[in-house]
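Step one of this worksheet: look at the structure below.
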Amino acid sequence: MMGGMGMKKPAEAKKGLMVSPIENGTVIDHIPPGKAIKIAEILNLLQPGYVVIIGQNLRSTKYVLKDLIKVENRYLTGEEYNKIALIAPNATVNMIRNFEINEKRKVTVPDVLEEVAFCANANCISNKEHVPSRLYTVSRDPLVMVCHYCNFESKGEELKLKGAGGR
Amino acid sequence: MEFVNRDIVSIKDFTRPELEYIFEKAKEIEEKGYSRSTLKGKRVGLLFYEPSTRTRMSFDTAAQTLGADTIWFAGVEGTSVMKGETLKDTIETVANYVDVIVMRHPFDGSARWAADVTTKRAKQGLKKVPIVNGGDGKNEHPTQTMLDLYSVQKTQGGIDGLEVALVGDLKYGRTTHSLSYALSMFDTRIDYVAPEALQIPAHVVSFLKQKGIAQTKYSRIEDVIETADVIYMTRIQKERFPDENEYNKVKGVFRIDKSLLSRAKPTMRLMHPLPRVDEIAVDADDDQRSYYFQQAGNGVPVRATLLALIMGAVE
(Lines give C-alpha, C1' and ligand atoms only; values in the text may rest on other atoms or scores of the structure.)
Protein backbone atom coordinates (compact mmCIF):
# COMPACT_ATOMS: atom_id res chain seq x y z
CA MET A 1 0.00 0.00 0.00
CA MET A 2 1.65 3.23 -1.03
CA GLY A 3 0.95 6.95 -0.91
CA GLY A 4 -2.26 8.91 -1.31
CA MET A 5 -3.14 9.25 2.34
CA GLY A 6 -2.46 12.95 2.80
CA MET A 7 -6.12 14.02 2.47
CA LYS A 8 -7.38 11.92 5.38
CA LYS A 9 -8.03 13.39 8.81
CA PRO A 10 -5.26 12.65 11.34
CA ALA A 11 -7.29 10.08 13.29
CA GLU A 12 -8.28 8.22 10.14
CA ALA A 13 -4.73 8.31 8.85
CA LYS A 14 -3.48 6.90 12.11
CA LYS A 15 -6.22 4.28 12.16
CA GLY A 16 -5.58 3.45 8.51
CA LEU A 17 -2.02 2.45 9.27
CA MET A 18 -2.45 1.01 12.69
CA VAL A 19 -5.10 -1.52 11.59
CA SER A 20 -2.34 -3.67 10.22
CA PRO A 21 0.07 -4.03 13.11
CA ILE A 22 3.09 -6.23 12.63
CA GLU A 23 4.01 -9.07 14.92
CA ASN A 24 7.74 -8.83 14.45
CA GLY A 25 9.73 -6.30 12.46
CA THR A 26 10.57 -2.63 12.24
CA VAL A 27 8.62 0.62 12.01
CA ILE A 28 10.53 3.64 10.75
CA ASP A 29 8.59 6.75 11.74
CA HIS A 30 8.98 10.52 11.27
CA ILE A 31 10.53 10.27 7.82
CA PRO A 32 10.33 13.59 5.92
CA PRO A 33 7.50 13.48 3.36
CA GLY A 34 8.60 12.02 0.04
CA LYS A 35 11.67 10.22 1.41
CA ALA A 36 10.18 6.83 2.35
CA ILE A 37 10.70 5.25 -1.05
CA LYS A 38 14.36 6.28 -1.07
CA ILE A 39 14.88 4.77 2.37
CA ALA A 40 13.09 1.59 1.31
CA GLU A 41 15.41 1.45 -1.72
CA ILE A 42 18.65 1.82 0.21
CA LEU A 43 17.52 -0.75 2.75
CA ASN A 44 16.66 -3.08 -0.15
CA LEU A 45 13.11 -3.45 1.15
CA LEU A 46 11.60 -3.32 -2.31
CA GLN A 47 12.98 -6.77 -3.13
CA PRO A 48 10.59 -9.72 -3.41
CA GLY A 49 10.11 -11.48 -0.10
CA TYR A 50 9.62 -8.48 2.19
CA VAL A 51 6.20 -7.53 3.50
CA VAL A 52 6.35 -3.74 3.53
CA ILE A 53 3.88 -0.93 4.12
CA ILE A 54 4.96 2.49 2.97
CA GLY A 55 2.89 5.47 4.05
CA GLN A 56 3.47 8.81 2.39
CA ASN A 57 2.38 12.32 3.36
CA LEU A 58 0.70 11.17 6.55
CA ARG A 59 -0.46 13.82 9.00
CA SER A 60 1.92 14.13 11.90
CA THR A 61 1.38 16.09 15.10
CA LYS A 62 5.10 16.69 15.37
CA TYR A 63 6.11 17.55 11.77
CA VAL A 64 2.79 18.32 9.96
CA LEU A 65 3.46 15.68 7.30
CA LYS A 66 5.58 12.58 7.43
CA ASP A 67 6.32 9.27 5.73
CA LEU A 68 6.44 5.94 7.50
CA ILE A 69 7.69 2.43 6.71
CA LYS A 70 6.65 -0.85 8.31
CA VAL A 71 8.50 -4.01 7.42
CA GLU A 72 7.82 -7.48 8.75
CA ASN A 73 10.49 -9.79 10.12
CA ARG A 74 13.34 -7.44 9.39
CA TYR A 75 15.60 -5.56 11.83
CA LEU A 76 18.19 -2.95 11.02
CA THR A 77 21.96 -3.09 11.28
CA GLY A 78 24.04 -0.25 12.74
CA GLU A 79 25.12 0.75 9.25
CA GLU A 80 21.48 0.93 8.17
CA TYR A 81 20.67 3.29 11.06
CA ASN A 82 23.44 5.56 9.77
CA LYS A 83 22.08 5.45 6.24
CA ILE A 84 18.61 6.41 7.41
CA ALA A 85 20.03 9.31 9.42
CA LEU A 86 21.53 10.76 6.24
CA ILE A 87 18.09 10.96 4.59
CA ALA A 88 15.82 11.34 7.60
CA PRO A 89 17.79 12.90 10.47
CA ASN A 90 14.73 13.00 12.77
CA ALA A 91 13.46 9.49 12.09
CA THR A 92 12.52 7.13 14.91
CA VAL A 93 13.04 3.40 14.55
CA ASN A 94 10.79 1.06 16.53
CA MET A 95 11.71 -2.59 16.83
CA ILE A 96 8.57 -4.67 17.20
CA ARG A 97 8.52 -8.08 18.87
CA ASN A 98 5.23 -9.88 19.57
CA PHE A 99 3.23 -6.80 18.51
CA GLU A 100 4.97 -4.67 21.16
CA ILE A 101 7.57 -1.96 20.75
CA ASN A 102 10.66 -3.73 22.02
CA GLU A 103 13.02 -0.82 21.48
CA LYS A 104 12.66 2.74 20.24
CA ARG A 105 15.68 4.56 18.85
CA LYS A 106 16.26 7.95 17.26
CA VAL A 107 18.70 7.79 14.39
CA THR A 108 21.74 10.02 14.47
CA VAL A 109 24.46 10.84 11.96
CA PRO A 110 27.73 9.51 13.44
CA ASP A 111 30.93 11.59 13.54
CA VAL A 112 32.59 9.30 11.00
CA LEU A 113 30.84 7.43 8.21
CA GLU A 114 32.76 4.58 6.61
CA GLU A 115 31.55 2.82 3.47
CA VAL A 116 28.00 4.17 3.85
CA ALA A 117 27.95 7.20 1.58
CA PHE A 118 30.24 8.49 -1.13
CA CYS A 119 31.88 11.89 -1.55
CA ALA A 120 30.01 14.15 -3.99
CA ASN A 121 33.25 15.20 -5.71
CA ALA A 122 33.33 13.21 -8.96
CA ASN A 123 37.12 13.67 -9.22
CA CYS A 124 37.76 12.26 -5.74
CA ILE A 125 39.96 9.14 -5.66
CA SER A 126 37.20 7.41 -3.65
CA ASN A 127 34.92 7.70 -6.70
CA LYS A 128 37.61 6.73 -9.19
CA GLU A 129 39.27 3.65 -7.73
CA HIS A 130 38.33 0.95 -5.26
CA VAL A 131 38.92 3.04 -2.15
CA PRO A 132 36.88 2.72 1.08
CA SER A 133 34.82 5.88 1.49
CA ARG A 134 35.29 7.86 4.70
CA LEU A 135 33.39 11.02 5.56
CA TYR A 136 33.44 13.21 8.67
CA THR A 137 30.40 15.13 9.92
CA VAL A 138 30.91 18.89 9.80
CA SER A 139 27.32 19.84 10.59
CA ARG A 140 24.17 17.80 11.30
CA ASP A 141 21.61 20.50 10.56
CA PRO A 142 21.99 21.18 7.69
CA LEU A 143 23.90 17.97 7.05
CA VAL A 144 27.42 18.61 5.70
CA MET A 145 30.13 15.96 5.49
CA VAL A 146 33.78 16.40 4.54
CA CYS A 147 35.75 13.74 2.66
CA HIS A 148 38.75 12.16 4.41
CA TYR A 149 40.66 12.09 1.13
CA CYS A 150 39.86 15.20 -0.89
CA ASN A 151 38.44 17.57 1.81
CA PHE A 152 35.39 18.21 -0.38
CA GLU A 153 32.34 19.24 1.64
CA SER A 154 29.21 17.39 0.49
CA LYS A 155 25.75 18.58 1.45
CA GLY A 156 23.34 15.91 2.68
CA GLU A 157 21.31 15.83 -0.53
CA GLU A 158 24.46 15.49 -2.66
CA LEU A 159 25.71 12.33 -0.97
CA LYS A 160 25.37 9.10 -2.89
CA LEU A 161 24.46 6.27 -0.58
CA LYS A 162 25.75 2.74 -0.90
CA GLY A 163 23.01 0.59 -2.38
CA ALA A 164 21.14 3.51 -3.93
CA GLY A 165 22.75 3.98 -7.31
CA GLY A 166 26.16 4.12 -5.60
CA ARG A 167 28.59 1.22 -5.61
CA MET B 1 57.62 18.18 17.04
CA GLU B 2 57.87 14.91 15.15
CA PHE B 3 58.77 14.81 11.47
CA VAL B 4 60.27 11.35 11.01
CA ASN B 5 58.16 9.20 8.65
CA ARG B 6 55.53 11.90 8.51
CA ASP B 7 53.31 12.21 5.42
CA ILE B 8 53.06 15.65 3.85
CA VAL B 9 49.57 15.63 2.42
CA SER B 10 47.85 18.87 3.42
CA ILE B 11 49.03 22.25 4.69
CA LYS B 12 46.26 21.97 7.29
CA ASP B 13 48.17 19.09 8.92
CA PHE B 14 50.88 21.55 10.02
CA THR B 15 50.96 24.05 12.86
CA ARG B 16 52.60 27.46 12.86
CA PRO B 17 55.53 26.31 15.06
CA GLU B 18 56.11 23.38 12.68
CA LEU B 19 56.13 25.66 9.63
CA GLU B 20 58.50 28.07 11.40
CA TYR B 21 60.79 25.16 12.26
CA ILE B 22 60.84 23.99 8.62
CA PHE B 23 61.71 27.55 7.50
CA GLU B 24 64.46 27.84 10.10
CA LYS B 25 66.01 24.57 8.85
CA ALA B 26 65.63 25.61 5.20
CA LYS B 27 67.44 28.86 5.98
CA GLU B 28 70.22 26.90 7.67
CA ILE B 29 70.59 24.64 4.61
CA GLU B 30 70.78 27.70 2.36
CA GLU B 31 73.36 29.40 4.55
CA LYS B 32 75.55 26.44 5.45
CA GLY B 33 75.27 24.65 2.11
CA TYR B 34 74.09 21.18 1.19
CA SER B 35 75.92 18.06 2.25
CA ARG B 36 75.80 14.97 0.08
CA SER B 37 76.19 12.80 3.14
CA THR B 38 72.83 13.94 4.58
CA LEU B 39 70.72 11.44 2.63
CA LYS B 40 73.47 9.07 1.44
CA GLY B 41 72.06 5.60 0.88
CA LYS B 42 68.46 6.85 0.72
CA ARG B 43 66.25 6.61 -2.34
CA VAL B 44 63.34 8.88 -3.30
CA GLY B 45 60.61 7.74 -5.70
CA LEU B 46 59.10 10.50 -7.84
CA LEU B 47 55.73 9.31 -9.19
CA PHE B 48 54.44 12.01 -11.48
CA TYR B 49 51.22 10.91 -13.16
CA GLU B 50 50.83 14.41 -14.57
CA PRO B 51 53.22 16.89 -16.16
CA SER B 52 55.28 19.07 -13.87
CA THR B 53 58.42 21.10 -14.41
CA ARG B 54 59.27 22.87 -11.18
CA THR B 55 57.89 20.44 -8.62
CA ARG B 56 59.50 17.32 -10.08
CA MET B 57 62.82 18.97 -10.94
CA SER B 58 63.14 20.76 -7.62
CA PHE B 59 62.39 17.58 -5.65
CA ASP B 60 64.88 15.70 -7.82
CA THR B 61 67.48 18.45 -7.28
CA ALA B 62 66.76 18.60 -3.54
CA ALA B 63 67.13 14.83 -3.12
CA GLN B 64 70.28 14.53 -5.21
CA THR B 65 71.94 17.56 -3.62
CA LEU B 66 71.62 15.82 -0.27
CA GLY B 67 73.09 12.63 -1.72
CA ALA B 68 69.91 10.56 -2.21
CA ASP B 69 69.23 8.54 -5.35
CA THR B 70 66.02 9.17 -7.23
CA ILE B 71 63.90 6.88 -9.36
CA TRP B 72 60.93 8.28 -11.19
CA PHE B 73 58.35 8.33 -13.90
CA ALA B 74 56.88 11.48 -15.41
CA GLY B 75 53.67 10.76 -17.26
CA VAL B 76 52.13 7.30 -17.21
CA GLU B 77 53.21 6.29 -20.72
CA GLY B 78 55.17 3.04 -20.50
CA THR B 79 54.09 2.27 -16.90
CA SER B 80 51.68 -0.35 -15.53
CA VAL B 81 49.17 2.46 -14.99
CA MET B 82 48.47 2.22 -18.73
CA LYS B 83 47.51 -1.42 -18.15
CA GLY B 84 44.98 -0.35 -15.54
CA GLU B 85 47.07 -0.68 -12.38
CA THR B 86 45.43 1.10 -9.45
CA LEU B 87 47.22 3.73 -7.38
CA LYS B 88 47.18 1.39 -4.39
CA ASP B 89 49.00 -1.35 -6.31
CA THR B 90 51.60 1.07 -7.66
CA ILE B 91 52.23 2.48 -4.18
CA GLU B 92 52.44 -0.99 -2.61
CA THR B 93 55.02 -1.95 -5.25
CA VAL B 94 57.16 1.19 -5.28
CA ALA B 95 57.17 1.32 -1.47
CA ASN B 96 59.45 -1.75 -1.62
CA TYR B 97 62.06 0.19 -3.60
CA VAL B 98 62.26 3.58 -1.91
CA ASP B 99 62.41 5.46 1.41
CA VAL B 100 60.02 8.28 0.43
CA ILE B 101 57.42 8.67 -2.32
CA VAL B 102 56.76 12.09 -3.84
CA MET B 103 53.69 11.98 -6.07
CA ARG B 104 51.53 14.11 -8.30
CA HIS B 105 48.26 12.56 -9.34
CA PRO B 106 45.17 13.82 -11.21
CA PHE B 107 42.58 12.66 -8.65
CA ASP B 108 41.67 14.77 -5.61
CA GLY B 109 42.53 12.97 -2.39
CA SER B 110 44.98 10.55 -4.02
CA ALA B 111 47.84 11.60 -1.72
CA ARG B 112 45.81 10.90 1.44
CA TRP B 113 44.85 7.50 0.06
CA ALA B 114 48.49 6.69 -0.78
CA ALA B 115 49.49 7.75 2.75
CA ASP B 116 46.80 5.45 4.20
CA VAL B 117 48.18 2.59 2.07
CA THR B 118 51.77 2.98 3.34
CA THR B 119 50.56 3.50 6.93
CA LYS B 120 48.65 0.23 6.71
CA ARG B 121 51.82 -1.50 5.42
CA ALA B 122 53.70 -0.13 8.42
CA LYS B 123 51.06 -1.58 10.76
CA GLN B 124 51.77 -4.94 9.16
CA GLY B 125 55.41 -4.63 10.18
CA LEU B 126 56.83 -3.22 6.96
CA LYS B 127 58.79 0.01 6.76
CA LYS B 128 56.68 3.19 6.71
CA VAL B 129 57.25 5.02 3.45
CA PRO B 130 56.12 8.63 3.88
CA ILE B 131 54.07 10.19 1.08
CA VAL B 132 54.79 13.73 -0.05
CA ASN B 133 51.94 15.33 -2.00
CA GLY B 134 53.24 17.10 -5.09
CA GLY B 135 49.71 18.07 -6.14
CA ASP B 136 46.55 15.91 -6.00
CA GLY B 137 44.09 17.08 -8.63
CA LYS B 138 42.49 20.38 -7.65
CA ASN B 139 42.93 19.67 -3.97
CA GLU B 140 46.30 20.47 -2.37
CA HIS B 141 49.94 21.18 -3.13
CA PRO B 142 51.38 21.67 0.36
CA THR B 143 55.07 21.99 -0.54
CA GLN B 144 54.19 24.81 -2.97
CA THR B 145 52.45 26.59 -0.11
CA MET B 146 55.45 26.05 2.15
CA LEU B 147 57.85 27.49 -0.40
CA ASP B 148 55.48 30.42 -1.01
CA LEU B 149 55.35 31.18 2.68
CA TYR B 150 59.10 30.70 3.02
CA SER B 151 59.54 33.21 0.18
CA VAL B 152 57.31 35.69 2.00
CA GLN B 153 59.26 35.27 5.23
CA LYS B 154 62.63 35.43 3.50
CA THR B 155 61.87 38.62 1.59
CA GLN B 156 59.97 40.45 4.31
CA GLY B 157 61.88 39.28 7.37
CA GLY B 158 58.73 37.78 8.90
CA ILE B 159 55.08 37.11 8.15
CA ASP B 160 53.15 38.78 10.98
CA GLY B 161 51.79 42.22 10.18
CA LEU B 162 51.97 41.85 6.40
CA GLU B 163 49.34 42.74 3.80
CA VAL B 164 49.24 40.01 1.15
CA ALA B 165 47.23 40.47 -2.05
CA LEU B 166 46.12 37.34 -3.91
CA VAL B 167 45.30 38.13 -7.53
CA GLY B 168 43.67 36.26 -10.43
CA ASP B 169 41.71 33.03 -10.36
CA LEU B 170 40.96 32.68 -6.68
CA LYS B 171 38.00 30.39 -7.20
CA TYR B 172 39.63 27.39 -8.85
CA GLY B 173 43.30 27.94 -8.00
CA ARG B 174 44.37 25.48 -5.30
CA THR B 175 47.54 27.48 -4.51
CA THR B 176 45.61 30.54 -3.33
CA HIS B 177 43.29 28.47 -1.12
CA SER B 178 46.20 26.67 0.57
CA LEU B 179 48.17 29.90 0.90
CA SER B 180 45.16 31.59 2.52
CA TYR B 181 44.93 28.78 5.07
CA ALA B 182 48.65 28.99 5.78
CA LEU B 183 48.60 32.80 6.09
CA SER B 184 45.74 32.49 8.57
CA MET B 185 48.19 30.92 11.04
CA PHE B 186 49.92 34.32 11.14
CA ASP B 187 48.73 37.82 11.89
CA THR B 188 48.18 38.90 8.30
CA ARG B 189 45.77 40.96 6.25
CA ILE B 190 44.59 39.40 2.98
CA ASP B 191 43.32 41.19 -0.14
CA TYR B 192 41.45 39.10 -2.73
CA VAL B 193 41.72 40.76 -6.14
CA ALA B 194 39.66 38.91 -8.75
CA PRO B 195 36.76 39.24 -11.18
CA GLU B 196 33.48 38.54 -9.37
CA ALA B 197 33.08 35.15 -11.10
CA LEU B 198 36.50 33.99 -9.89
CA GLN B 199 36.47 35.38 -6.35
CA ILE B 200 37.66 33.37 -3.37
CA PRO B 201 35.11 30.70 -2.29
CA ALA B 202 32.89 31.43 0.72
CA HIS B 203 34.21 28.43 2.67
CA VAL B 204 37.76 29.86 2.60
CA VAL B 205 36.53 33.30 3.73
CA SER B 206 34.49 31.79 6.55
CA PHE B 207 37.43 29.62 7.75
CA LEU B 208 39.72 32.68 7.88
CA LYS B 209 37.04 34.82 9.50
CA GLN B 210 36.87 32.36 12.40
CA LYS B 211 40.60 32.88 12.83
CA GLY B 212 40.08 36.64 12.98
CA ILE B 213 41.95 37.40 9.74
CA ALA B 214 41.15 40.76 8.07
CA GLN B 215 40.03 40.03 4.49
CA THR B 216 38.88 42.40 1.75
CA LYS B 217 37.71 41.73 -1.80
CA TYR B 218 38.81 44.04 -4.63
CA SER B 219 38.20 44.13 -8.35
CA ARG B 220 41.34 46.02 -9.50
CA ILE B 221 45.05 45.58 -8.80
CA GLU B 222 45.30 49.40 -8.58
CA ASP B 223 43.33 49.22 -5.30
CA VAL B 224 46.13 47.31 -3.55
CA ILE B 225 49.31 48.10 -5.50
CA GLU B 226 50.49 50.86 -3.17
CA THR B 227 49.75 49.15 0.15
CA ALA B 228 50.50 45.44 -0.35
CA ASP B 229 53.71 43.92 1.00
CA VAL B 230 53.37 40.88 -1.26
CA ILE B 231 51.35 40.47 -4.43
CA TYR B 232 50.74 36.85 -5.36
CA MET B 233 49.62 36.61 -8.99
CA THR B 234 47.88 33.58 -10.51
CA ARG B 235 46.87 32.74 -14.03
CA ILE B 236 43.30 33.19 -15.22
CA GLN B 237 42.44 30.30 -17.48
CA LYS B 238 40.52 30.97 -20.65
CA GLU B 239 38.39 27.83 -20.26
CA ARG B 240 36.81 29.24 -17.08
CA PHE B 241 34.84 31.73 -19.22
CA PRO B 242 31.86 30.79 -21.38
CA ASP B 243 32.56 33.70 -23.73
CA GLU B 244 35.94 34.73 -25.17
CA ASN B 245 35.07 38.44 -25.00
CA GLU B 246 34.50 38.17 -21.26
CA TYR B 247 37.87 36.49 -20.89
CA ASN B 248 39.63 39.15 -22.94
CA LYS B 249 38.11 41.95 -20.83
CA VAL B 250 39.24 40.33 -17.58
CA LYS B 251 42.66 39.32 -18.88
CA GLY B 252 43.68 42.95 -19.39
CA VAL B 253 42.52 44.05 -15.93
CA PHE B 254 44.32 41.36 -13.91
CA ARG B 255 47.74 41.99 -15.38
CA ILE B 256 50.85 43.67 -13.98
CA ASP B 257 53.43 45.45 -16.09
CA LYS B 258 56.52 47.51 -15.31
CA SER B 259 54.60 50.77 -15.08
CA LEU B 260 51.98 49.45 -12.64
CA LEU B 261 54.68 47.70 -10.62
CA SER B 262 56.61 50.96 -10.23
CA ARG B 263 53.77 52.27 -8.02
CA ALA B 264 54.35 49.55 -5.41
CA LYS B 265 56.47 49.93 -2.28
CA PRO B 266 60.17 49.28 -3.01
CA THR B 267 60.07 46.41 -0.50
CA MET B 268 56.99 44.82 -2.08
CA ARG B 269 57.68 41.43 -3.71
CA LEU B 270 55.72 40.13 -6.69
CA MET B 271 55.24 36.35 -6.58
CA HIS B 272 53.67 33.75 -8.85
CA PRO B 273 53.50 29.93 -8.61
CA LEU B 274 54.37 29.79 -12.35
CA PRO B 275 53.94 29.04 -15.19
CA ARG B 276 52.83 32.56 -16.09
CA VAL B 277 51.20 33.32 -19.38
CA ASP B 278 50.69 37.05 -19.75
CA GLU B 279 49.39 38.13 -16.32
CA ILE B 280 52.87 39.48 -15.58
CA ALA B 281 54.35 41.39 -18.52
CA VAL B 282 57.89 40.39 -19.47
CA ASP B 283 58.97 44.03 -19.00
CA ALA B 284 58.35 43.55 -15.25
CA ASP B 285 60.96 40.79 -14.95
CA ASP B 286 63.90 43.11 -14.31
CA ASP B 287 62.18 45.10 -11.57
CA GLN B 288 63.70 44.46 -8.12
CA ARG B 289 60.20 43.73 -6.81
CA SER B 290 59.74 40.77 -9.19
CA TYR B 291 60.57 37.65 -7.23
CA TYR B 292 58.83 34.74 -9.02
CA PHE B 293 61.93 33.03 -10.41
CA GLN B 294 63.77 33.23 -7.08
CA GLN B 295 60.56 32.00 -5.44
CA ALA B 296 60.71 28.90 -7.68
CA GLY B 297 64.35 28.51 -6.59
CA ASN B 298 63.24 28.43 -2.95
CA GLY B 299 61.56 25.12 -3.76
CA VAL B 300 64.94 23.40 -3.46
CA PRO B 301 65.91 24.34 0.14
CA VAL B 302 62.34 23.88 1.39
CA ARG B 303 61.92 20.47 -0.29
CA ALA B 304 65.42 19.38 0.73
CA THR B 305 64.59 20.27 4.33
CA LEU B 306 61.33 18.33 4.21
CA LEU B 307 63.01 15.23 2.76
CA ALA B 308 65.77 15.40 5.38
CA LEU B 309 63.28 15.86 8.22
CA ILE B 310 60.96 13.01 7.26
CA MET B 311 63.88 10.65 6.67
CA GLY B 312 65.29 11.57 10.07
CA ALA B 313 68.52 12.99 8.66
CA VAL B 314 67.99 16.40 10.29
CA GLU B 315 66.54 16.97 13.71
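By convention in this document, chain letters (A, B, ...) are assigned in the order of the sequence lines, proteins followed by strands, and residues within each chain are numbered from 1.
In this structure the side chain of A/N123 reaches within 4.5 angstrom of the side chain of B/K138, judged on heavy atoms. Within the 4.5 Å cutoff, no side-chain heavy atoms of B/L87 are placed close to those of A/K128. When side chains are defined from C-beta on, A/P132 counts as touching B/W113, because their heavy atoms get closer than 4.5 Å.
Nearest heavy atom pair, residue A/H148 against residue B/R112, reads O-CG, 3.5 Å.
Enclosure of atom NZ in B/K12 by more than 12 non-hydrogen atoms of other residues, nucleotides or ligands within 6.0 angstrom is indicated.
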For this session: Could you go through the side-chain contact (heavy atoms from CB on, under 4.5 Å) check for B/D108 and A/I125 one step at a time?
Result: CA-CA 6 Å; B/D108 305 345; A/I125 185 85; over 6 Å; no
Problem set entry | side-chain contact (heavy atoms from CB on, under 4.5 Å) between A/N151 and B/E140, intermediate numbers included | CA-CA 9 Å; A/N151 303 311; B/E140 286 247 20; 4.0 Å; yes
Problem set entry | Check against side-chain contact (heavy atoms from CB on, under 4.5 Å), A/F152 and B/N139 | CA-CA 8 Å; A/F152 187 85; B/N139 187 34; over 6 Å; no
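When heavy atoms are compared at a cutoff of 4.5 Å, B/K88 approaches chain A solely by way of its backbone atoms N, CA, C and O.
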Let me have the donor-acceptor pairs involving side chains of residues 207-217 of chain B, under 3.5 Å, with sequence neighbours excluded, atom names and distances please.
residue, atom, partner, partner atom, Å
B/Q215, OE1, B/Y192, OH, 2.6
B/Q215, NE2, B/V205, O, 3.1
B/T216, OG1, B/R189, NH2, 3.2

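Among residues two or more places apart in sequence or in another chain, the ring-ring contact (aromatic ring centres under 6.0 Å, His included) test is passed with B/F107 by B/H105.
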